[in-house]
Amino acid sequence: MTELETLRHSCAHVLATAILKIWPEAQFAAGPPVENGFYYDLELPHRITPEDFARIEEEMKKEIKANNRFERIEVSREEAIAMAERGELAALGGRTEPSKFKLDIVQHIPDGEVITIYRNGQFTDLCAGPHVSHTGRIGAFKLTHLASAYYKGDERNPQLQRVYGTAFKNKTEMEAYFTMLEEAKKRDHRKIGREMELFCFDEDVGPGLPLWLPKGTVLVEELERLAKETEFAAGYQRVRTPHIARESMYKCSGHLPYYADSMFPPMEFSEEEGGDSVKYYLKAMNCPHHHKLFGAVQRSYRDLPLRLAEYGACYRYEQSGELFGLMRVRSMQMNDAHIYCTEDQFEQEFRAVNEMYLKYFKIFGIDKYVMRFSTHDPAKLGQKFVDQPELWKKTEDMVRNVLIRSGINYVEVPNEAAFYGPKIDVQVWSAIGREFTIATNQVDFAVPARFGLTYKDRDNTEKTPLCIHRAPLGTHERFIGFLIEHYAGNFPLWLAPEQVRVMTIGDEDPLVDAAKDLHAELRGLGIRAELDISSDKINGKIQRAEQAKVHTMLVIGKRDLEAGAVSVREHGKGNLGAKPRAEVVTALADAIKNRA
RNA sequence: GCCGACGUAGCACAGUGGUAGUGCAAUCGAUUCGUAAUCGAUAGGUCACGAGUUCGAAUCUCGUCGUCGGCUCCA
């Protein structure tokens with residue numbers, strides 16, 4: 001436990017102390033430090049509200065001021081159980097009801113572990129520690145929010161109230177933390193998305209179903225263009241598939257009934273309606289459709305590797321409580337492709353995919369990410385994982401080799417693989433600190449066989465291909481959600497929804513004509529330029545363009561007009577001075593083309 | 001899905017039982033200006049939706065929809 005975690009954990013004890021002073025009947029469960037603070041779970045008939053915070057914090061301050069020592073006491077299991085039964089754990093003393101959660105916890109401590117209790121002032125708690133020397137060491141703290149949580153995270157257990165707080169060595173550090181939070185809130189893609197008119201949601205359309213406004217659609221289409229160019233150069237072929245499929249396909253793929261909970265309920269036509277009582281599902285993934293395309297044509301080893309790509313629309317019925325802006329939605333478009341190859345080709349193909357990831361991350365300047373390499377657990381072969389031990393070993397070794405040779409930092413997570421093969425997930429963090437998988441790269445050596453996919457090999461035998469499932473740009477929704485926060489809405493020129501705004505100083509005819517002409521020239525070159533020829537003052541025009549996060553502002557005043565120049569201003573960089581008009585136009589067009 | 005909080009003009013918010021408000025944005029007019037807010041006027045609301053309590057509801061109660069915070073860490 002780090003020093004800060006120790007301090008926060010101690011603060012959780014102080015929180016419990018304070019709550020017990022106000023409500024002696026409170027029953028406490030677990031109170032660990034967490035990423036940005038700590039919490040304590042408790043059961044209490046009184047429903048704690050934010051209005052109670054001031055009162056609780058008051059009591060906490062008293063406990064901290066008292067400078068009570070944290071006293072560590074080793075006890076035997078029997079003593080600990082007896083104390084819990086007498087209601088002396090997570091209590092101030094004098095309570096007779098057993099400390100029921102602590103009793104349960106102590107009974108689950110494995111044999112041979114040292115059991116300790118900690119005391120600060122009147123408060124005694126079962127706790128492994130460690131703690132700060134005395135309560136006075138907690139320099140600054142604040143209760144932050146409330147939530148509920150099931151005891152031990154299991155929904156069959158009672159629901160407890162969870163009080164969250166944070167604590168720091170001193171006030172300065174805590175204030176810095178809250179300032180950082182404020183800044184993070186400004187980057188929140190939900191806020192920027194509304195302000196910049198990128199996307200929206202509508203109750204009548206449905207929760208988790210984002211609609212792309214024109215400026216957001218620019219982002220979508222620029223990403224698609226990048227993907228299409230990159231994939232074309234890498235030998236991919238584009239395909240298109242319907243958004244729905246019959247139940248039989250998902251039976252074949254093995255997604256039903258295993259995945260049915262995450263899919264929208266099926267559409268079914270009755271016989272009176274002229275239908276044939278067949279169920280159709282909205283697709284939750286593109287793989288089965290692509291497998292059908294592989295199987296649609298006779299395949300030879302000469303066709304491999306075959307790389308089929310599609311920005312496929314998928315629909316997943318995520319639990320309502322899981323929905324979160326663009327980051328977790330119910331309709332999404334995936335940067336999907338399936339690469340069918342032989343075992344011999346696998347390593348080369350996998351490496352190429354990995355290089356594509358790194359190329360993208362470089363373009364976007366994404367450097368804070370973790371690659372999670374999920375492998376199988378040999379003990380679960382035949383249940384959670386397909387029973388092909390030699391293929392698991394082979395593909396996992398190949399994936400590991402590619403990662404090591406590329407010098408990529410990764411964490412290996414056993415028992416997390418897909419049932420059909422190992423995978424790599426790329427994890428990133430949203431502005432408010434939530435972790436998301438932004439991209440995925442999976443090996444599949446099982447499903448092609450379920451679909452009876454084969455190719456005719458050199459020796460005239462039918463063989464089953466391996467399949468690599470990859471989505472380096474993830475889904476439009478999550479990737480753009482992430483990019484909005486990554487750039488705080490200040491997109492690079494090639495991505496910016498409004499790349500250029502041409503504006504005049506004043507609205508006299510010659511200026512307006514020059515501005516219109518420049519605007520038309522830029523539009524003719526495919527540059528997303530807008531025009532501000534209103535009679536507002538130049539300061540006001542600049543202000544509005546800056547707030548709209550327009551990438552480049554081109555200002556034309558009388559002086560520029562006479563010199564055949566335009567004044568260039570870049571968002572966030574300020575005035576860059578007057579330059580010849582032709583030079584400015586060429587520079588813009590080049591920078592956009594090169595995604596500079 | 002479960003627990004809790006929240007839902008007032010395009011956006012940010014005020015309004016706790018008695019005439020629905022402020023700022024920005026919008027529209028119109030004036031202003032003719034050199035790099036982050038020129039001035040004035042006008043318009044904009046089924047206070048999420050539905051039911052109930054009340055002489056009277058944005059405000060109190062219940063339901064529905066939606067949004068947000070949590071629901072993995074463990075004494």
Side-chain angles (χ1 to χ4, degrees), chain A residues 5 9 12-13 28-35 38-41 47-51 75 80 84 89-90 99 101-110 113-118 125-129 144-164 188 190-191 194-195 197 200-208 261 317-325 432 434-435 503-508 511-512 534-548 553-560 567-578:
Chain A
E5 281 171 336
H9 181 47
H13 281 232
F28 289 85
V34 286
E35 200 183 342
F38 62 88
Y39 66 77
Y40 218 132
D41 283 346
R47 171 65 63 181
I48 296 176
T49 68
E51 283 84 69
V75 294
L89 294 180
S99 311
F101 299 114
K102 298 292 174 181
L103 183 60
D104 180 63
I105 289 163
V106 77
Q107 283 166 341
H108 284 88
I109 295 177
E113 253 185 59
V114 179
I115 297 177
T116 52
I117 61 171
Y118 274 83
D125 200 357
L126 176 74
C127 179
T144 51
H145 57 288
L146 292 161
S148 77
Y150 298 106
Y151 179 55
K152 292 184 170 174
D154 188 330
E155 63 184 10
R156 290 165 302 189
N157 287 337
Q159 201 146 28
L160 307 174
Q161 303 190 55
R162 176 171 293 182
V163 182
Y164 277 92
D188 191 317
R190 294 166 295 185
K191 178 178 156 68
R194 200 183 307 113
E195 287 168 354
E197 299 181 6
C200 63
F201 290 91
D202 184 280
E203 279 195 28
D204 287 327
V205 174
D261 278 353
Y317 198 78
E318 302 287 354
Q319 290 188 15
S320 59
E322 299 286 347
L323 301 176
F324 177 71
I432 58 169
R434 224 184 258 197
E435 185 177 351
M503 53 187 81
T504 53
I505 302 176
D507 63 348
E508 286 160 349
L511 290 169
V512 167
S534 66
S535 64
D536 292 324
K537 294 205 162 160
I538 187 64
N539 284 320
K541 295 188 190 187
I542 295 283
Q543 165 86 6
R544 255 175 292 127
E546 288 282 355
Q547 280 176 347
M553 289 148 270
L554 298 181
V555 179
I556 302 181
K558 281 186 196 123
R559 293 209 299 265
D560 304 294
S567 292
V568 182
R569 181 188 171 100
E570 255 183 54
H571 173 62
K573 287 194 188 164
N575 191 355
L576 304 178

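Order of the sequence lines fixes the chain letters, A, B, ..., with proteins taken first and strands second; residue numbering starts at 1 for each chain.
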Apply side chain to side chain contact (heavy atoms under 4.5 Å, CB included) to the pair A:Leu576 and A:Arg569, showing each step before the final yes or no. CA-CA 5 Å; A:Leu576 304 178; A:Arg569 181 188 171 100; over 6 Å; no
Before giving the answer on side-chain hydrogen bond (donor to acceptor under 3.5 Å, both in side chains), spell out for A:Asp41 and A:Tyr150 the whole-Å C-alpha distance, their side-chain angles and the decisive distance to 0.1 Å. CA-CA 9 Å; A:Asp41 283 346; A:Tyr150 298 106; over 6 Å; no
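The interatomic distance linking A:Asp204 (CG) with B:rA48 (P) rounds to 16 Å, in whole Å. Distance, A:Gln319 CD to B:rG66 P: 14 Å, rounded to whole Å. Per the geometry, CZ belonging to A:Arg162 stands 7 Å off C1' belonging to B:rC71, to the nearest Å. Rounded to a whole Å, the CG atom of A:Asp125 is 12 Å from the C1' atom of B:rC74. A:Glu35 has its CD atom 15 Å from the P atom of B:rC73, to the nearest Å.
In this structure A:Glu5 satisfies the salt bridge (Lys or Arg N to Asp or Glu O under 4.0 Å) test with no other residue, sequence neighbours excluded. For A:Lys541, there are no salt bridge (Lys or Arg N to Asp or Glu O under 4.0 Å) partners, not counting sequence neighbours. Considering only residues two or more places apart in sequence or on other chains, A:Glu508 meets the salt bridge (Lys or Arg N to Asp or Glu O under 4.0 Å) condition with A:Lys558. Considering only residues two or more places apart in sequence or on other chains, A:Glu322 meets the salt bridge (Lys or Arg N to Asp or Glu O under 4.0 Å) condition with A:Arg328.
As rounded to the nearest Å, B:rA57 and B:rC49 have P atoms that lie 15 Å from one another. Straight-line distance between the C1' atoms of B:rG66 and B:rA25: roughly 25 Å, to the nearest whole Å. Separating the C1' atom of B:rG18 from that of B:rG23 is a span of 27 Å, rounded to the nearest Å. The gap from the C1' atom of B:rC65 to that of B:rA48 amounts to 8 Å, rounded to the nearest Å. Separation of the C1' atoms belonging to B:rU46 and B:rA51 is 15 Å when rounded to the nearest angstrom. Look at the C1' atom in both B:rG52 and B:rC13: the space between them is 30 Å, to the nearest Å. Atom name C1', nucleotides B:rC55 and B:rC68: the rounded distance is 38 Å, in whole Å. Spacing between B:rC71 and B:rA9 at atom P, rounded to whole Å, works out to 31 Å.
Checking B:rG69, B:rC74, B:rC71 against the side-chain heavy atoms of A:Lys152 singles out B:rC74 as nearest. Across B:rC68, B:rA12, B:rC74, the shortest atom-to-atom separation from the side chain of A:Arg194 is found for B:rA12.
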Starting at the 5' end of nucleotides 2-9 of chain B, put B wherever the base has a protein heavy atom under 4.0 Å, S where only the sugar-phosphate does, and a dash everywhere else. BBS--B--
How does each nucleotide of nucleotides 33-40 of chain B score, in 5' to 3' order, for protein heavy atoms under 4.0 Å: base (B), sugar-phosphate only (S), or none (-)? BBBBBB--
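The side-chain heavy atoms of A:Ile115 and A:Ile109, taken from C-beta on, include a pair separated by under 4.5 Å. A:Leu146 places a side-chain heavy atom less than 4.5 Å from the side chain of A:Ile48. Within the 4.5 Å cutoff, the side chain of A:Glu546 has heavy atoms near those of the A:Met553 side chain.
Of all nucleotides present, only B:rC11 satisfies the Watson-Crick or G-U wobble test against B:rG23, with each distance under 3.5 Å. B:rA37: no Watson-Crick or G-U partner with both key distances under 3.5 Å is found in any strand. With a cut-off of 3.5 Å on both Watson-Crick or G-U wobble distances, the partner of B:rC71 is given as B:rG1. B:rU59 is unpaired under the criterion used here, namely a Watson-Crick or G-U wobble arrangement in which both key atom distances are under 3.5 Å. Of all nucleotides present, none satisfies the Watson-Crick or G-U wobble test against B:rA43 with each distance under 3.5 Å. Applying the Watson-Crick and G-U wobble criteria (two distances, each under 3.5 Å), B:rA48 pairs with B:rU64.
Contacts of A:Leu323 with the nucleic acid, taken as non-hydrogen atoms under 4.0 Å apart, involve only primed sugar atoms and P, OP1 or OP2. Among the atoms of the strands shown, none is found under 4.0 Å from any heavy atom of A:Glu197. Residue contacts for A:Tyr164: at a heavy-atom cut-off of 4.0 Å it reaches the sugar-phosphate backbone alone, with no base atom in range.
Ring pair A:Tyr40/A:His13 is tilted by interplanar angle, where 30° to 60° counts as tilted.
Between A:Arg190 and B:rU67 there is no side-chain N or O to OP1 or OP2 distance below 4.0 Å.
Side-chain polar atoms of A:Asp261 and A:Tyr317 form no donor-acceptor pair below 3.5 angstrom.
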